[in-house]
Amino acid sequence: MAGGFESVVGSVREKIMNILGIHSALNQFNHDPGAALICENIVKAVCEEERFNRVKSSRGYFPLWSIRNVLKEGGLSIKDIDKVYTTGVTAREKLEPHLVSFFDHYFGFVPEIVFVDHQDAHLASAFYCSGFDESMCLSYDGIGDKSSGKLAVGNGRDIEVLETIDISQSLGNFYSAMTAYLGFKPVEDEYKVMGLASYGEESVDLSEMVSVSEDSFTINSSFFRDLQSIISNDQPLYSHKLVELLGPPRLNGGEINESHIKVAYSSQKALEQCILALVTRLHQKTGLRKLCVAGGVGLNCSANSMLYKLPFLDRIFIQPASSDRGLPLGSALIGQLEYKEKFVVPDHIFLGPSYEDRDYLDALKIARVPFKKIDSVESHAAQMLSEGRIIGWFQGRSECGPRALGNRSILADPRSATMKDEINLRVKFREEFRPFAPAVLEEEAPAIFEMEYPSPFMTITFKVRPGWVNQLAAITHIDGTARVQTVSSVQNERFYNLIREFSKLSSVPVVLNTSFNARGEPIVETPANALATFFSTGLDTLYLGNFVVTK
């Protein structure tokens, strides 16, 4: 998963283990259940439950369909699994009977279940996928196994934890509370606050809530409620003190005014200052110049941009499935290392289910829609993009993580000044202030964006170079940045060829890339999902492998 190369860790033993990593969401605290499989010393598959049951975040779900699909990708049955590794070590007594019951009911067999720490799984998912021999490691999120993050050092096979972040100082809870105050859904809509923050220039005083020094921060937790009281008493994540400080909160769906923009801007700046303090302290302790990040806060691309620019960091790796979606992978990697076996992490994240022509044909025939098969789908799609069409692009195995990276994508021409509004209005049905991302040929990226090395997972924002702003009107945010995805032929040949063909027609080696879903829905997983979204939105053309459907 490291950008552009494979990561091999550990030493070989005679017995090859089949390791299943899972994350369950068996109550309202937990979200984003899924499963990961390591067999033949290779990360074979990573799947997210919401892609199959079509329930966003899938709170309260056992990852049944995820387990079934990773086993299918590995050609295994549940009886072939040596051990299951799962997060929730601090709640083992409560969780284990439920997991045993689920495995017995759905599979008729219960493998040995091993519990690992939530934050340790985040750290493992970042460091062991980074390709770094040694680096600083940071996990931070809302809450997981009675902490909100860890500072650590990764070296070879080992990750040494230096510090644990208490729940009362949770950066994830702070940002989620501000998300709720601004009328968005906490633990899901934080990216909306990040996008809205870019429209702000003036701040409000949040110093009563968050105080920051060069290498530490303090959060005043009296401005927020703990998660247990929120769920049991149906209370918002913020307390009355926040309302007294900032005034009435925005109602969900209400108008966004200047004061809301100021709060979003100030919340983002406060988060960035806290992250800077954490990384500064970690660097002071270790002297290392590489950093790996995971945990839900790691999906804040604007904060990651700040880290990218730090003079004492030579390289950063942000786990593309930084949120709890990455916990099954991290848990499986921890399990694999217990056996001192080597393992290979692919240099891409296309680890979901695979589909063939017969799967596309079955879905097309059931839908009873006209279609055609073409030889050069990349050239055909590039021509449609150059003519202003908005297309659905469904190819190969699906990506893990929250961002579409060229296999479950909606694509459009990035040059059009009206394209952003058009997609938001008739395809995505979402807020007008939210930006879209560019996918760019890797070798062309430094000339277009202010970046020094590839960023293949859309985890960092970069400045668009002045000479390109007008040419990339649809993907340049209000602050002049874009959440860049660099695309190489090694990691995704078909998507690379599509962008290259579009470049031949437009002289712009960039396409607008957003996730293949409508507002409030998970990213499409199956050909049937793709057809349903295609016909329920304003998409113009759909590509299922080499098959084309038009309206």
Side-chain angles (χ1 to χ4, degrees), residues 9-10 13 15-27 29-53 58 60-125 128-129 144-145 159 294 321 324-341 343-345 351-353 400:
V9 183
R13 283 183 59 178
K15 179 173 172 55
I16 296 176
M17 304 294 290
N18 295 323
I19 302 295
L20 178 66
I22 68 170
H23 171 60
S24 296
L26 301 184
N27 58 41
F29 284 109
N30 298 311
H31 50 89
D32 298 320
L37 176 68
I38 299 177
C39 61
E40 299 176 351
N41 300 319
I42 299 171
V43 177
K44 288 283 190 178
V46 181
C47 290
E48 301 166 30
E49 195 68 13
E50 68 170 30
R51 303 286 184 92
F52 306 99
N53 64 24
S58 293
Y61 282 83
F62 175 74
L64 170 63
W65 292 102
S66 301
I67 294 171
R68 285 177 172 171
N69 276 278
V70 297
L71 291 175
K72 180 181 177 182
E73 289 299 320
L76 304 176
S77 74
I78 194 66
K79 292 184 179 181
D80 295 315
I81 296 299
D82 292 289
K83 287 188 180 182
V84 174
Y85 285 77
T86 180
T87 51
V89 67
T90 59
R92 176 176 179 172
E93 291 184 4
K94 293 182 179 180
L95 279 175
E96 192 164 25
H98 293 294
L99 294 179
V100 168
S101 178
F102 277 118
F103 273 105
D104 186 42
H105 175 69
Y106 288 117
F107 297 99
F109 178 78
V110 183
E112 181 181 349
I113 301 172
V114 180
F115 286 81
V116 301
D117 181 82
H118 182 108
Q119 305 298 339
D120 289 347
H122 275 318
L123 292 171
S125 75
Y128 297 127
C129 294
D145 279 322
I159 298 176
D324 288 1
R325 302 164 191 261
L327 291 174
L329 174 60
S331 299
L333 292 171
I334 289 173
Q336 180 75 1
L337 280 170
E338 284 195 7
Y339 294 92
K340 299 183 174 64
E341 295 177 351
F343 61 82
V344 178
V345 181
L351 297 168
C400 64

Item checked: Distance-minimising heavy-atom pair for L333 and C129 -> CD1-SG, 4.1 Å
Next item on the list: Please list all pairs passing the salt bridge (charged side-chain N to carboxylate O under 4.0 Å, His left out) test where one or both residues lie in residues 60-77, with sequence neighbours left out.
Entry: E73-R397
Item checked: Pairwise side-chain contact, F52 with S66, heavy-atom cut-off 4.5 Å (strictly under) -> yes
Item checked: Separation of T87 OG1 from D120 CG (nearest 0.5 Å) -> 11.0 Å
Margin query: Would you say that H23 contacts T86 through its side chain, given a criterion of any heavy-atom pair below 4.5 Å between the two side chains?
Written below: no
Checklist line | Minimum heavy-atom distance between C400 and V46, given as atom pair plus value | finding: CB-CG1, 4.0 Å
Checklist line | Nearest-0.5 Å distance, CG of residue N18 to NZ of residue K83 | finding: 13.0 Å
Notebook entry, point to check: side chain to side chain donor-acceptor pair (under 3.5 Å) between E338 and Y85: does it pass, once the steps are laid out?
Noted result: CA-CA 11 Å; E338 284 195 7; Y85 285 77; 2.9 Å; yes
Next item on the list: Apply side-chain contact (heavy atoms from CB on, under 4.5 Å) to the pair I334 and Y128, showing each step before the final yes or no.
Entry: CA-CA 9 Å; I334 289 173; Y128 297 127; 5.5 Å; no
Notebook entry, point to check: Looking at S125 and G326, what are the two nearest heavy atoms and their distance?
Noted result: CB-O, 3.8 Å
Notebook entry, point to check: Could you give the distance from CG (L123) to CG (D117), rounded to the nearest 0.5 Å?
Noted result: 8.5 Å
Check: Mind checking whether K44 and V70 have side chains closer than 4.5 Å, heavy atoms only?
Finding: no
Next item on the list: Please lay out, stage by stage, how Q336 and N41 fare under the test side-chain contact (heavy atoms from CB on, under 4.5 Å).
Entry: CA-CA 8 Å; Q336 180 75 1; N41 300 319; 3.2 Å; yes
Margin query: Nearest 0.5 Å, please: how far is CD in Q119 from CD1 in I159?
Written below: 12.5 Å
Note to self: Minimum heavy-atom separation for P353 and N69, please, with both atom names.
What the structure shows: CG-OD1, 3.8 Å
Next item on the list: Could I get the full list of side chain to side chain donor-acceptor pair (under 3.5 Å) partners for S58, not counting sequence neighbours?
Entry: N53
Could you give the side-chain donor-acceptor pairs of residues 93-116 under 3.5 Å, partners two or more places apart or in another chain?
from: E96; atom 1: OE1; to: R92; atom 2: NE; distance (Å): 3.2

Next item on the list: Of all the heavy-atom pairs spanning S331 and G21, show the shortest one and how long it is.
Entry: CB-CA, 4.4 Å
Notebook entry, point to check: Say you draw a straight line from CD1 of I78 to CD1 of I67; how long is it, rounded to the nearest 0.5 Å?
Noted result: 6.0 Å
Notebook entry, point to check: Between E48 and R325, what is the shortest heavy-atom contact and its length?
Noted result: OE1-NH1, 2.6 Å
Check: Taking the side chain from N30 and the backbone from N27, do they hold a donor-acceptor pair closer than 3.5 Å?
Finding: no
Note to self: Quick check for you: to the nearest 0.5 Å, what is the distance between I22 atom CD1 and L37 atom CG?
What the structure shows: 12.5 Å
Next item on the list: Decide yes or no for H118 and D324: does some side-chain heavy atom of the first lie under 4.5 Å from some side-chain heavy atom of the second?
Entry: yes
